[in-house]
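Following: one structure in C-alpha cells, then a few remarks.
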Amino acid sequence: MSKPRVRFAPSPTGALHIGGLRTALYNYLFARKTGGAFILRIEDTDQTRYVPGAEDYILEALEWTGLTLDESPNVGGDCGPYRQSERKEMYGQFGHRLVENGWAYYAFDTEEELEAKRNEIEASGGTFSYNVKTRSSLRNSLTLSDAEVRDLLDSGAEFTIRLKCPADEIVYVEDIIRGRVEFQSDLLDDKVMLKSDGMPTYHLANVVDDYHMKITHVIRGEEWLPSTAHHVLLYRALGWEDKMPQFAHLPLILKPAPSSYINKKNVDVMTDKFTSEFFKKHPDYTFKNKDQVRQSIRGFLLDVNELSNRLQIKPKDKEDKIIIKEFLKSTLFGKLSKRDGDRLGFPVFPLEWNGANSDDSFTGFREVGFNPDALLNFLVFLGWNPGTDQEIFNMDELIDAFSLERIGKSGARFDYGKAKWFNQQYLINGNDEEMAEVLRPMFASKGWDVGDGEIVKVAGLFKERVDFLNQIPEKATFFFSDDFDYDEKNARKKWKSQHAEKNYALIDVLDTTSDFSPENLEKIIKGYIESEGLGFGDVMAPLRIAVSGVGGGPSLFEILSLLGREKTVERVKKGYAVFEALQSV
Ligand code: GLU
C-alpha cells in the first residue's frame with residue numbers, strides 16, 4: 001500500500017488560530033506515525049480575503065513549533081505548485097467538465113434576481129437556498145434553452161458554474177472519527193464551483209488539489225463537515241471516486257467554562273466588560289437604557305453555574321430579553337474565538353499578530369513565554385487522548401501514541417490554566433543548560449553581565465517557581481543588582497529586636513565561613529540557630545529578606561551560596577540596619 005499523504009490547507013486570511021495549529025499537529029502526527037508525507041498547501045484563491053503576511057505567519061508558526069513539512073511552497077515537491085493562486089489555470093477545465101457531464105450547470109442569475117427570489121421566499125416564511133427545489137425557477141442552463149445558453153455565453157454574459165446536487169438521495173461519508181455521516185441531498189445547496197471571474201471556489205479547488213496531490217486522508221476541523229457532502233459528490237462527478245481520501249473531522253475547540261473565570265468577586269468587572277461589548281455589538285439598541293442592560297447582564301452572570309439553562313430562549317421572552325440572551329450565549333458558549341483571548345487575557349494564536357489596527361492585533365503563546373513543545377502537548381489533548389493517564393509526552397512519544405481513532409467527537413474545552421500547567425511541567429522537567437540559553441539574551445538586555453555557570457544555576461533555582469521562563473529575570477533581579485526594595489511589611493513582622501544581637505552575631509559566623517556551598521551553609525546556619533535556642537523563622541526570614549528583598553523564593557542556602565560570601569555579608573549588614581530602624585518608626 002502506498003504511504004499516506006496528508007495536507008494542512010490553510011487560507012492566508014489572517015493569523016493562524018490555535019485551532020488551525022492543532023489541525024496541523026494532528027496531520028503531522030499522523031504523517032510521522034505512518035511514515036507518510038505532511039504537506040502544506042496554501043489555499044489563496046479568494047483574493048478578496050487575502051491578507052499579506054498571513055502565509056509567512058503560518059510558516060513561522062510551523063517552524064517555531066517544529067512541525068516540519070515534507071512538501072510546501074518553499075520546500076517544493078512532486079505535486080506542486082503548492083499555492084492555489086499558482087494553479088489557477090487548471091481549475092477551469094474541471095468546472096467545465098462538470099457541466100459537460102451533467103453534474104453542474106451555468107447559472108446566469110444576477111445579484112438582483114437572486115435578491116428578488118430570496119425576498120419572495122422569505123416573505124412566505126422560508127429561507128432561500130439555490131438547490132434542487134429552487135433551481136427550476138431560476139435563470140440557468142437547466143431552465144433556458146440550449147440556444148439561449150449559447151447566446152448568453154457567446155455574448156460574454158457573466159455566469160457561475162453550480163454543482164447540480166442530486167434529488168432525493170442520501171449522500172454519506174464514512175468519517176474516521178464520526179462514523180457514517182449522512183446528508184439528505186435535497187437539503188444541499190447547489191454550491192458555486194467556478195465564480196464569474198473564472199476563479200474556483202474553495203470546494204472545487206480543494207477537491208481538485210487533493211486529487212492531484214494524491215491526498216489519502218483529509219484531517220480538518222468540524223466546520224468543514226457540511227461541505228464534505230459536496231466534496232463526496234465532486235469526487236463522483238469528476239470520476240475520481242476510487243481515489244477519494246478518507247475523512248477525519250476534528251472536534252471544535254470550545255470557549256472556557258464561564259464558571260472558570262466569572263465569580264462573585266469579579267462579577268461587577270465582568271458585567272462592565274460584557275455590557276460594553278453588548279453596546280459595541282448593538283450600537284442602535286433602544287429597548288432599555290444602559291443601566292437596565294447592565295442589571296440584566298449582571299443577573300445572568302451572578303448565577304454562573306446555571307447560566308446555560310438560564311440563557312435558553314423561552315416562548316414568553318420579549319424581544320429585548322432575547323437579544324441580551326442571544327448576545328450572552330454567543331459570547332460565553334460555543335467555539336473559541338479570537339475575541340475570547342482579548343476578553344479573558346490569554347493568547348489564542350501561536351505567535352503575535354500585528355494587523356492593520358489594534359482590533360486585529362493579538363499576542364501569541366510564543367510572546368507570552370510558552371515553550372513550543374509545551375504548547376503542542378497542551379493542544380494535542382484538545383480532542384485526542386492516549387487512553388492512559390500519561391499527560392506529558394515528548395514528540396517521539398506522541399508520534400508513537402497518536403491515532404485518529406482516539407480523537408473524540410465532542411468539542412474540547414479550552415482551559416488556559418491547563419496550558420500554563422503544561423508549560424510549568426516543561427520547565428520543571430527541563431534541562432537547565434537549555435533554559436540558560438533562552439535566558440541569556442534576556443539577561444543581556446537588562447545589562448547584566450552574568451557568567452555561564454550562574455545563568456544555569458539561576459535557571460535551576462527558579463524554574464519551579466514561575467509559569468514562564470521569561471518571568472525569571474525579574475524574579476532573579478536581586479542576584480545581579482543591589483537595586484531592589486525590601487518588603488517592609490514583612491521585614492517589620494519578621495525582625496524581632498530581642499534577637500537582633502544574635503542575628504548580628506551570625507554575620508560574623510558567615511563572614512568566617514570559607515565553604516559557601518549550600519550544604520555547608522545549611523549545616524552552619526541551622527547549627528547556629530539550634531545552639532542559640534532560636535526558631536528557624538527568627539533567623540532565616542530576616543536573612544532571606546535582607547539578601548533578596550522578599551520573604552519567598554528558592555532555597556535560602558542556594559541563594560546565599562550563589563551570591564557568595566562577600567555579597568551575602570554586605571547585604572545582610574545593610575538589611576539588618578534597615579530592619580532595626582523600621583522598628584522605631
Ligand atoms: N482552506 C480551508 C481552511 O482554511 C481548508 C479546509 C480543508 O482542510 O479542507 O481551513
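Note that ligands are numbered from 1 as they come in the structure, with each ligand's atoms numbered from 1 the same way. Just the heavy atoms: all of them, side chains too, but no hydrogens, waters or symmetry mates, feed the values below. All values reported here derive from a predicted model rather than from experimental measurement.
Between the CZ atom in F370 and the CG atom in L375 there is a gap of 7.0 Å [rounded to 0.5 Å].
Considering only non-hydrogen protein atoms, atom 4 (O) of ligand 1 sits nearest to S11 OG, 3.1 Å. The nearest heavy-atom contact from the protein to atom 8 (O) of ligand 1 is R7 NH1, 2.7 Å.
Side-chain polar atoms of D209 and Y91 form a donor-acceptor pair below 3.5 angstrom. Between Y130 and D109, the side chains place a donor N or O and an acceptor N or O closer than 3.5 Å (distance only, hydrogens not considered). In this structure, a donor-acceptor pair under 3.5 Å is absent between the side chains of S72 and N74. In the model, R162 has no side-chain atom that pairs as donor or acceptor with a side-chain atom of T201 under 3.5 Å.
By the criterion of a heavy-atom distance under 4.0 Å, neither the backbone nor the side chain of F8 is placed next to ligand 1. Residue contacts with ligand 1, taken as heavy atom pairs separated by less than 4.0 Å, involve N206 solely via side-chain atoms from C-beta onward.
In summary, the atoms of ligand 1 found under 4.0 Å from a heavy atom of E43, numbered by their order in the structure, are 1 (N), 2 (C), 5 (C). For ligand 1, the atoms lying closer than 4.0 Å to a non-hydrogen atom of Y202 are 2 (C), 5 (C), 6 (C), 7 (C), 9 (O).
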Discussion item. Salt bridge (Lys or Arg N to Asp or Glu O under 4.0 Å), that's the test. Do E120 and K117 meet it? Break it down for me.
Written reply: CA-CA 5 Å; E120 178 194 318; K117 190 77 185 170; 3.7 Å; yes

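For the pair A9 and ligand 1, the shortest N or O to N or O distance falls below 3.5 Å.
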